[in-house]
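The next block holds one structure in the form of structure tokens; read it before the comments.
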There are 2 protein chains.
Amino acid sequence: MLGMDIAEVARRAGLPASTLRFYEEKGLIASIGRRGLRRLFDSDVLPRLALIALGQRAGFSLEEIAGMFGADGRPAIDRVQLAAKADELDRTIRKLAAMRDGLRHAAVCPAPSHMECPTFRKMLRIAGAHRPQTAPAGRKQSGLKRIGR
Amino acid sequence: MLGMDIAEVARRAGLPASTLRFYEEKGLIASIGRRGLRRLFDSDVLPRLALIALGQRAGFSLEEIAGMFGADGRPAIDRVQLAAKADELDRTIRKLAAMRDGLRHAAVCPAPSHMECPTFRKMLRIAGAHRPQTAPAGRKQSGLKRIGR
DNA sequence: GCTTGACCTCAAGTGAACTTCAAGTGGCAG
DNA sequence: CTGCCACTTGAAGTTCACTTGAGGTCAAGC
């Protein structure tokens, strides 16, 4: 098929065309040429978009994701970075699980107010604990964002 | 002690004073008065801030969190909403766990490129699966954000 | 009495990730 | 050839959660 146009990529990836153009501008994807004004994309853009979506879910920023593609255009992901992200993800999962259990308890808790429930207060302690004030200027952006649209 | 000033609240909560002023403006917290120009806060602002932090971690927006406080100023959180959020959190956790396992595998995978690894490709499928294009205009903001700073 | 420093207000700026808009272009049907 | 319409562009706008900056006030210390 020698190249899909942006509309087809958009349809197949479930993303608006504007997002694809935005990604191209950011260097996350590349078109293989034009037909008239229209971008043509190789079909390998689809797994690449899947990888981008994956990276986003895993908490990488678009900029970080862009850095994961080597010069050859194929993913060249640093294995150390991957392991670090996995560890970070693991810590996040633990916190979220504690949170989920707390929420679930609060949803059925017989205490008249959530504040009187020991489980709820415990959850507050977990949530409030150890916030390292490492934000000197302009959002640190190392953590997870916008997981699970 | 009849009221801490903003600096003390900031210190105890580990938040900058600007954030506290911002939260007050948004109706998330309230000062109990002034000493001169300076805001005074009751000590109950601290658990309240913990609850706000918790809500943020659990994926609620500040606006949603503001809606969780009843007229009496005490948390009046809808139990149905809590359960729904717990379920959402649970789905997110499952995805993240799959992701973590995939990342962890990729970090040690012997395949020359990640793309040639079946586990990695499987992870891509998980990540790329079923994106409901429910984003008509201007950020939906219902998902998790900024978990685990 | 003057300086200092911590607070005050209000407006504007930041950053990520997009979306929206106005104006222009290209290919194809009629 | 003309119209149409889906596409193109670059610039500007949007949202969220804050932060920063300018200019002001006030209580305490020297």
Side-chain angles (χ1 to χ4, degrees), chain A residues 3-11 13-29 31 33-41 49 52-53 55-67 131 133-149, chain B residues 3-11 13-29 31 33-41 49 52-67 131 133-147 149:
Chain A
M4 306 176 283
D5 74 2
I6 198 171
E8 183 164 3
V9 177
R11 188 181 55 72
L15 290 170
S18 62
T19 300
L20 298 176
R21 282 191 284 267
F22 175 71
Y23 283 178
E24 189 184 22
E25 197 182 335
K26 287 260 161 176
L28 286 158
I29 58 176
S31 53
R34 296 289 177 114
R35 180 155 50 212
L37 282 180
R38 306 183 178 194
R39 288 162 180 78
L40 292 177
F41 291 97
L49 286 169
I52 292 167
Q56 286 195 285
R57 273 182 187 280
F60 293 97
S61 69
L62 291 183
E63 199 177 350
E64 284 175 299
I65 294 166
R131 6 175 75 245
Q133 62 271 45
T134 47
R139 264 30 284 301
K140 213 36 184 322
Q141 139 74 10
S142 60
L144 288 182
K145 301 181 74 166
R146 198 161 305 138
I147 295 161
R149 59 189 291 145
Chain B
M4 307 177 284
D5 74 1
I6 198 170
E8 184 165 2
V9 177
R11 187 182 55 73
L15 290 170
S18 64
T19 300
L20 298 176
R21 282 191 284 267
F22 175 72
Y23 282 178
E24 188 185 22
E25 196 184 334
K26 287 258 162 180
L28 287 159
I29 58 176
S31 53
R34 297 286 177 116
R35 180 155 50 214
L37 282 182
R38 303 182 180 198
R39 290 164 178 77
L40 292 177
F41 291 97
L49 286 169
I52 291 167
L54 170 67
Q56 285 195 286
R57 271 180 187 281
F60 294 97
S61 68
L62 291 184
E63 199 178 349
E64 285 175 298
I65 293 167
R131 5 175 75 248
Q133 63 271 45
T134 46
R139 262 37 282 300
K140 214 33 183 325
Q141 140 74 6
S142 60
L144 288 181
K145 300 183 74 165
R146 198 161 304 138
I147 296 160
R149 57 189 293 145

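Sequence lines set the chain letters: A, B, ... in the order given, protein chains first and strands last, and positions in each chain run from 1.
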Heavy atoms under 4.0 Å, any strand shown: does [X] hit a base, just sugar-phosphate, or nothing?
X	result
B:G36	nothing
A:A17	nothing
A:S18	base
A:R39	sugar-phosphate

- Message: Taking 4.0 Å as the cut-off, does a side-chain nitrogen or oxygen of A:T19 come that near to OP1 or OP2 on C:dT19?
- Response: yes
- Message: Is there a side-chain contact between B:Y23 and the phosphate of D:dA17, meaning an N or O under 4.0 Å from OP1 or OP2?
- Response: no
What is the distance from [atom1] of [X] to [atom2] of [N], rounded to the nearest Å?
X	N	atom1	atom2	result
A:L20	D:dC7	CG	P	12 Å
B:F22	C:dT14	CZ	C1'	13 Å
A:L40	C:dG27	CG	P	11 Å
A:E25	D:dA11	CD	C1'	10 Å
A:I52	C:dC18	CD1	C1'	14 Å
A:E24	C:dA17	CD	C1'	17 Å
B:L62	D:dT19	CG	C1'	14 Å
B:R21	C:dC7	CZ	C1'	7 Å

- side-chain contact (heavy atoms from CB on, under 4.5 Å) evaluation trace for B:R21 with B:R39: CA-CA 9 Å; B:R21 282 191 284 267; B:R39 290 164 178 77; 3.6 Å; yes
- Nearest heavy-atom contact between B:I65 and B:Q56 is CD1-N, 3.6 Å
- Query: Closest to the B:L37 side chain: D:dG24, C:dC18, D:dC18?
  - Reply: D:dG24
- Item | Side chain of A:I6 - closest among D:dT8, C:dC18, D:dT19 | D:dT8
- Take B:R38 and A:R34, find for each the nucleotide of DNA chain D with the closest heavy atom, and name the residue whose nucleotide sits nearer the 5' end. A:R34
- Query: In Å, rounded to the nearest 0.5 Å, how long is the span from CZ of B:R34 to CG of B:D5?
  - Reply: 12.0 Å
- Kindly indicate whether the side chain of B:F22, heavy atoms from C-beta on, has any atom under 4.5 Å from the side chain of B:L28. no
- Task: Show your working on side-chain contact (heavy atoms from CB on, under 4.5 Å) between B:V9 and B:I29 and close with a plain yes or no.
- Result: CA-CA 12 Å; B:V9 177; B:I29 58 176; over 6 Å; no
